[in-house]
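Since we're looking at a predicted model, the values are computed, not measured. We name chains A, B, ... by the order of the sequence lines, and we start the count at 1 in each one.
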Number of protein chains: 2
Amino acid sequence: MITDPTQRGRILDTFPFLRAASADFRDTLLDSGTLMRLPAGHLICQDGSECAALPLVLSGIGRVYKLGENGREITLYRVEPGQSCVVTASCILSGRPFPAIAECETQVEALVVRPSEVRQWMGTSTPWREYVFGLIAGRLQEVFGVLDAVLFQRLDQRLVALLLGMRKAAPGRDIRMTHQALAAELGSSREVISRVLKGLEGQGLLRITRGHIELLDIPELERRAREG
Amino acid sequence: MITDPTQRGRILDTFPFLRAASADFRDTLLDSGTLMRLPAGHLICQDGSECAALPLVLSGIGRVYKLGENGREITLYRVEPGQSCVVTASCILSGRPFPAIAECETQVEALVVRPSEVRQWMGTSTPWREYVFGLIAGRLQEVFGVLDAVLFQRLDQRLVALLLGMRKAAPGRDIRMTHQALAAELGSSREVISRVLKGLEGQGLLRITRGHIELLDIPELERRAREG
DNA sequence: CAAACCTGAGTGACAAAGTCACTGAGCCGA
DNA sequence: TCGGCTCAGTGACTTTGTCACTCAGGTTTG
């Protein structure tokens, strides 16, 4: 139950679809949901387990990834404020186990709603339904994209694209990230990432120092990401 | 509009969720849907294109796959009678392009419904909604499984598992399939499949002849598929 | 019937990527 | 400043993908 008017306003701002919903539905959601603060590293859903609740993210970032027996991992997508992990939702609605791991990458504030409500609202609120379907379709597309990249794209291209993407998210030439973390994004291994980075450094496209990477020739890197 | 009572009965038998739906909804669906017969090889949806309709499969098999620039491909899942390609549905509901290719593997009979109806029924019929969500969750799980296999499993294991799965589908020791087709299932290439099969033949586990494969030591193959 | 043709399969050389077992380099606290 | 920690580099090897072929078994057709 959310009573604080400031919090209620914040929720409406973060989830614009609520503005399109009926006042009735808005109240139901705010009354039945619980505001939770989850620490970084908290596991929201484990691979193969049932999903007990659907968190609507208000702040912070969630990360959904697959983990192999050997310890290698790959990021499937991130859940940002205003979104929710809809794979969770689809698992809730169909009673299936969750096929990956969902974890808080940073501290996460979320409005947590119960499966029974998720299910019920699908029938009663069109904006809610469209919100959920929009998320599902978006995730499907992201996961299909990951599969495509893994199967059909070269690792050096994927790595360069990732680095450029991160630069866009946090402008500047410096990227603070370990080789291990880059490997976990792409589903590769640290050694391989190190080798590829070293190759790019040899070509003068970037500079590697402990814990971060400085992009030097950005136009050329952009060309590589596009053409290979 | 489906009027023939035999056809109507067949549809109800193929889609049991319709029995749980109201008579009203059943009639709406049967009145607004069109029965189509699509030849083998017909493309239902191309990569990146908009989906114009949702086909509910009555007979035959559809196959959904990803195609890389180099020509390599990988099967994501198959659509069997009683199912539908829900990725299509989610694309319809969210107006996104389809992220793969959907093709008729055999001749397919389908009840085709319009996007506007798909969308509308999500609000009006609970059985329809649960049907669609069940399909989506199932597909998500399949696609996640493919990703897992591609990233974390060895090809020989995957190939053996595929062969054993095919034997279960069509009992007998003989599997009629080209190396190219096996490669397309697994997202590999013909040469590599040939090599792996040759290795298995060298170990006396199967026998290769032009166009088909005879499984010899099935218990050992099953052990391989499990343990590696 | 035999030559031409097509599809399926095998081969060898190489490149890309993952694995394993290390070594070494920077950093921080005791 | 010593020890321990995390991060990164290296070399040898395996697995998988790619390329450019050749070859083998059928079918079609002149």
Side-chain angles (χ1 to χ4, degrees), chain A residues 41 66-74 146-163 174-203 206-214 224 227-228, chain B residues 41 66-74 146-163 174-203 206-214 224 227-228:
Chain A
K66 264 280 185 195
L67 189 61
E69 307 102 37
N70 37 14
R72 242 162 86 213
E73 61 182 74
I74 185 167
V146 169
L147 193 57
D148 195 287
V150 166
L151 270 170
F152 305 127
Q153 267 158 248
R154 294 176 41 119
L155 189 60
D156 50 1
Q157 264 184 74
R158 293 210 289 141
L159 179 55
V160 167
L162 175 61
L163 292 175
D174 254 49
I175 293 170
R176 235 166 284 263
M177 203 168 177
T178 67
H179 299 184
Q180 181 59 63
L182 291 167
E185 283 304 302
L186 299 174
S188 178
S189 66
R190 184 188 57 77
E191 298 93 315
V192 175
I193 296 295
S194 285
R195 275 208 293 262
V196 173
L197 282 175
K198 184 157 189 149
L200 295 168
E201 186 178 43
Q203 294 167 67
L206 46 77
R207 202 145 49 100
I208 309 171
T209 44
R210 185 187 168 88
H212 51 124
I213 297 164
E214 184 183 355
R224 298 287 184 100
E227 304 170 32
Chain B
K66 263 280 184 196
L67 189 61
E69 306 102 38
N70 38 14
R72 243 162 86 211
E73 62 183 74
I74 184 166
V146 169
L147 193 58
D148 194 286
V150 165
L151 270 170
F152 304 125
Q153 267 159 249
R154 294 176 42 119
L155 190 60
D156 50 359
Q157 265 185 73
R158 295 209 289 143
L159 180 55
V160 167
L162 175 61
L163 292 174
D174 255 49
I175 292 170
R176 235 166 285 263
M177 204 168 177
T178 67
H179 298 185
Q180 180 61 62
L182 291 167
E185 283 303 304
L186 299 175
S188 178
S189 67
R190 183 188 58 75
E191 298 95 314
V192 175
I193 296 293
S194 285
R195 274 208 295 260
V196 174
L197 282 174
K198 185 156 188 147
L200 295 168
E201 186 179 42
Q203 295 167 66
L206 45 77
R207 202 145 47 103
I208 309 171
T209 46
R210 187 187 166 88
H212 51 125
I213 296 163
E214 183 183 356
R224 298 287 183 99
E227 305 171 33

Atom CZ of R72(B): over 12 foreign heavy atoms under 6.0 Å: yes
Heavy-atom donor-acceptor pair, E185(B) side chain to A181(B) backbone, under 3.5 Å: no
Main-chain N/O of R158(B) paired to Q153(B) side chain as donor or acceptor, under 3.5 Å: no
Any idea which of [options] is nearest the [X] side chain?
X: S188(A); options: dG18(C), dG17(D), dC7(D); result: dG18(C)
X: L155(B); options: dA9(C), dT19(C), dT16(D); result: dT16(D)
X: S194(A); options: dA8(D), dG10(C), dT16(D); result: dA8(D)
X: E191(B); options: dG17(D), dT10(D), dA20(D); result: dA20(D)
X: H179(A); options: dA8(D), dT16(D), dG8(C); result: dA8(D)
X: V192(A); options: dA17(C), dG10(C), dG8(C); result: dA17(C)

Strictly below 4.0 Å: does [X] bring a side-chain N or O up to OP1 or OP2 of [N]?
X: R195(A); N: dT10(D); result: no
X: K198(B); N: dT11(C); result: yes
X: N70(B); N: dG17(D); result: no

Protein-nucleotide distance ([X], atom [atom1]; [N], atom [atom2]), rounded to Å:
X: Q180(A); N: dA8(D); atom1: CD; atom2: C1'; value: 11 Å
X: L182(A); N: dC7(D); atom1: CG; atom2: C1'; value: 12 Å
X: R207(B); N: dA9(C); atom1: CZ; atom2: P; value: 15 Å
X: I193(A); N: dA8(D); atom1: CD1; atom2: C1'; value: 13 Å

Considering all heavy atoms, the nearest L155(B)-S188(B) contact: CD2-OG, 3.6 Å
Euclidean distance, N70(B) CG relative to L151(A) CG, rounded to 0.5 Å: 9.5 Å
Heavy-atom donor-acceptor pair, R210(A) side-chain to dG9(D) base, under 3.5 Å: no
Base dG18(C) to side chain R190(A), donor-acceptor N/O within 3.5 Å cut-off: no
Touch class at under 4.0 angstrom, heavy-atom based, for T178(A) against every strand present: sugar-phosphate
